[in-house]
**Q** 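Before anything else, here's the structure in question.
All ligand and atom numbering here is 1-based and tracks the order in the structure. This one's a predicted model, so the numbers in the text were calculated from it and none came from an experiment. Nothing fancy with the numbering, it's 1 onward along the sequence.
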Amino acid sequence: MLEVDQLVMSYGGFRAVDNCSLSVTEGSITGLIGPNGAGKTTLFNLVAGAFPPSSGRIRYLGEDITGLSTDRRFHLGLVRTFQIPHEFHRLTVMENLMMVPPHQAGETLLANWLTFGKVRRNEEEVRQRAEETLAFLELEHVAEERAGNLSGGQKKLLELGRTMMTDARLVLLDEPAAGVNRTLLRKLEEKIAILNKERGYTFILIEHDMEMIEKLCHPVICMAEGRVLIEGDFATVRADERVLEAYLGET
Ligand code: ATP
């Protein structure tokens with residue numbers, strides 16, 4: 001589904017991503033781990049199209065998308081979850097979901113908010129989808145709550161919900177477990193697993209929470225110093241000496 005070929009991202013002379021090659025199979029939940037500064041987030045930014053690579057190619061669904069904008073990638077179903085923008089904190093959970101029509105990219109959400117109530121099309125259809133999303137995520141009880149008042153875990157569920165309002169096929173999740181309490185963490189894991197198994201979403205998940213990686217991800221890719229160190233099942237990757245060394249050398 002996704003092929004990253006010899007990708008390089010240089011900042012001055014420093015290579016945050018250094019000849020990185022990997023591929024992601026449709027239907028998988030691929031875990032991306034590695035010590036701080038390994039280049040995981042930079043790789044996500046390159047795949048999502050936040051900025052172009054210094055060199056290398058990215059292919060998605062058989063098409064070279066290296067030169068495509070974030071918006072074009074979004075239209076192809078390649079979606080990166082974003083934190084709820086600050087401006088959206090005073091909107092309700094329901095409104096936050098309804099802000100995201102299927103073909104609306106994250107970056108243009110603010111513009112959409114500014115015209116909220118004027119240009120929405122198929123409002124009933126969008127509302128129905130939002131209600132289904134709320135029910136799936138078990139967030140109905142906070143539907144009219146302001147997003148800014150949600151707990152860390154509820155915000156992560158809402159971020160996932162906003163992805164569900166799009167026609168996503170490949171979802172990039174950056175540290176979904178960060179700031180989430182144990183109870184909601186289990187719920188988040190359960191929802192990601194269901195979205196993968198029953199609704200066909202493919203995920204790439206950057207995560208430092210190894211319990212979540214172990215439960216959800218196959219395969220697991222470990223990056224260090226901008227490139228792939230090893231790929232395999234969780235147990236194999238965890239037991240690999242190079243992985244241990246990379247984490248021990250973490251600054
Ligand atoms: P973490 O797990 O801590 O989030 P990471 O694996 O996601 O780390 P990145 O955030 O991709 O790592 O950073 C990789 C390296 O690139 C780091 O050394 C970082 O300091 C550097 N880096 C990232 N963005 C920039 C930038 N805009 N300018 C200069 N260096 C950068």
Side-chain angles (χ1 to χ4, degrees), residues 2-24 28-58 60 65-67 69-70 73 78-85 106-107 152-153 155-156 159-160 163 170-180 185 188-189 192 202-232 234 236-238 240-251:
L2 179 78
E3 284 166 50
V4 167
D5 186 28
Q6 299 273 300
L7 216 56
V8 174
M9 184 66 213
S10 293
Y11 295 111
F14 175 73
R15 290 184 165 206
V17 171
D18 186 10
N19 277 316
C20 183
S21 297
L22 56 86
S23 56
V24 170
S28 70
I29 305 180
T30 298
L32 196 54
I33 65 166
N36 293 121
K40 306 178 296 293
T41 301
T42 306
L43 182 69
F44 257 27
N45 285 332
L46 293 171
V47 171
F51 41 71
S54 307
S55 62
R57 313 303 305 170
I58 305 168
Y60 169 71
I65 60 161
T66 316
S69 67
T70 306
R73 294 179 202 212
L78 204 174
V79 175
R80 179 184 184 165
T81 56
F82 285 98
Q83 281 189 350
I84 299 157
E107 284 72 19
K155 279 188 186 138
K156 295 285 180 167
E159 281 170 31
L160 196 60
T163 303
L170 174 60
V171 181
L172 310 179
L173 286 177
D174 199 347
E175 299 198 35
V180 181
L185 200 53
L188 195 59
E189 286 168 355
I192 292 170
T202 302
F203 287 98
I204 312 177
L205 202 148
I206 294 180
E207 194 45 76
H208 287 289
D209 183 315
M210 289 302 141
E211 213 180 314
M212 185 182 236
I213 291 282
E214 183 174 18
K215 272 194 196 148
L216 288 181
C217 299
H218 184 80
V220 175
I221 297 173
C222 180
M223 279 183 74
E225 297 180 350
R227 54 176 74 191
V228 172
L229 208 54
I230 180 176
E231 173 178 343
F234 178 78
T236 308
V237 171
R238 185 176 55 180
D240 193 279
E241 271 186 28
R242 289 166 296 171
V243 174
L244 205 62
E245 269 172 33
Y247 275 95
L248 285 177
E250 196 173 354
T251 48

**Q** Supply the atom-to-atom distance Ser23 OG to Glu3 CD, rounded to the nearest 0.5 angstrom.
**A**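 Reported value, rounded in 0.5 Å steps: 6.0 Å.
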
**Q** To check your reading of the model: name the closest protein heavy atom to atom 27 (N) of ligand 1, its residue, and the distance in Å.
**A**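 Looking at atom 27 (N) of ligand 1, the protein heavy atom closest to it is Tyr11 CE2, 3.4 Å.
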
**Q** Do Met9 and Arg15 pass the side-chain contact (heavy atoms from CB on, under 4.5 Å) test, and can you show the C-alpha distance, the side-chain angles, and the key distance before you say yes or no?
**A** CA-CA 6 Å; Met9 184 66 213; Arg15 290 184 165 206; over 6 Å; no

**Q** Given Val17, Leu32, Thr42, identify the one with the heavy atom nearest to atom 11 (O) of ligand 1.
**A**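 The option holding the nearest heavy atom is Thr42.
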
**Q** Which is it for Arg57 and Asp5 under the salt bridge (charged side-chain N to carboxylate O under 4.0 Å, His left out) test, yes or no, and what are the steps along the way?
**A** CA-CA 5 Å; Arg57 313 303 305 170; Asp5 186 28; over 6 Å; no

**Q** Give a yes/no verdict on whether any heavy atom in His208 is under 4.0 Å from an atom of ligand 1.
**A**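 In this structure, His208 qualifies as a contact of ligand 1 - some heavy atom is under 4.0 Å.
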
**Q** What atoms of ligand 1 come closer than 4.0 angstrom to any heavy atom of Phe14?
**A**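 Reading through ligand 1 atom by atom, the close ones are 15 (C), 16 (O), 18 (O), 21 (C).
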
**Q** Nearest protein heavy-atom contact for atom 6 (O) of ligand 1: which residue, which atom, what distance?
**A**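 Residue, atom and distance for the closest contact: Lys40 NZ, 2.8 Å.
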
**Q** What protein heavy atom lies closest to atom 14 (C) of ligand 1? Include the residue and the distance to one decimal.
**A**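 Closest protein heavy atom to atom 14 (C) of ligand 1: Gly37 O, 3.4 Å.
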
**Q** Pull out every atom of ligand 1 sitting under 4.0 Å from any heavy atom of Thr41, numbered as shown with elements.
**A**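 This gives 4 (O), 5 (P), 7 (O), 10 (O), 11 (O) as the contact atoms.
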
**Q** State, to 0.1 Å, how close Cys20 and Val228 come at their nearest heavy-atom pair, and which atoms those are.
**A**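 Heavy atoms only, the tightest pair is SG-CG2, 4.0 Å.
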
**Q** How far is atom 3 (O) of ligand 1 from the closest protein heavy atom, and which atom is that?
**A**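 Here the closest protein heavy atom is Asn36 ND2, 2.7 Å.
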
**Q** Might you point out which heavy atoms bring Val79 and Thr163 nearest each other, and give the distance in Å?
**A**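 In terms of heavy atoms, the two residues are closest at CG1-CG2, 4.1 Å.
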
**Q** Can you name the nearest heavy-atom pair linking Lys156 to Asp174, along with the distance?
**A**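 Shortest heavy-atom separation between Lys156 and Asp174 comes out as NZ-O, 4.5 Å.
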
**Q** Polar contacts were defined as any N/O atom of the residue lying under 3.5 Å from an N/O atom of the ligand; does this apply to Ala16 and ligand 1?
**A**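 Looking only at distances, the answer is no, because the N/O contact criterion of under 3.5 Å is not met.
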
**Q** Of all the heavy atoms in Gly39, does at least one lie under 4.0 Å from an atom in ligand 1?
**A**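 So Gly39 counts as touching ligand 1.
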
**Q** Return yes when atom CD of Glu225 has more than 12 non-hydrogen atoms of other residues, nucleotides or ligands closer than 6.0 Å, and no otherwise.
**A**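 Open: at most 12 neighbouring heavy atoms sit under 6.0 Å from CD of Glu225.
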
**Q** Hey, what do you get for CD1 (Ile230) to CD1 (Ile221), rounding to the nearest 0.5 Å?
**A**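 Those atoms lie 11.0 Å apart.
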
**Q** Give a yes or no on whether atom 19 (C) of ligand 1 lies under 4.0 Å from any heavy atom of the protein.
**A**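 Protein heavy atoms within 4.0 Å of atom 19 (C) of ligand 1 - there are none.
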
**Q** Quick check on contacts: which atoms of ligand 1 are under 4.0 angstrom from a heavy atom of Ala38?
**A**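 Matching atoms, with element in brackets: 5 (P), 6 (O), 12 (O).
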
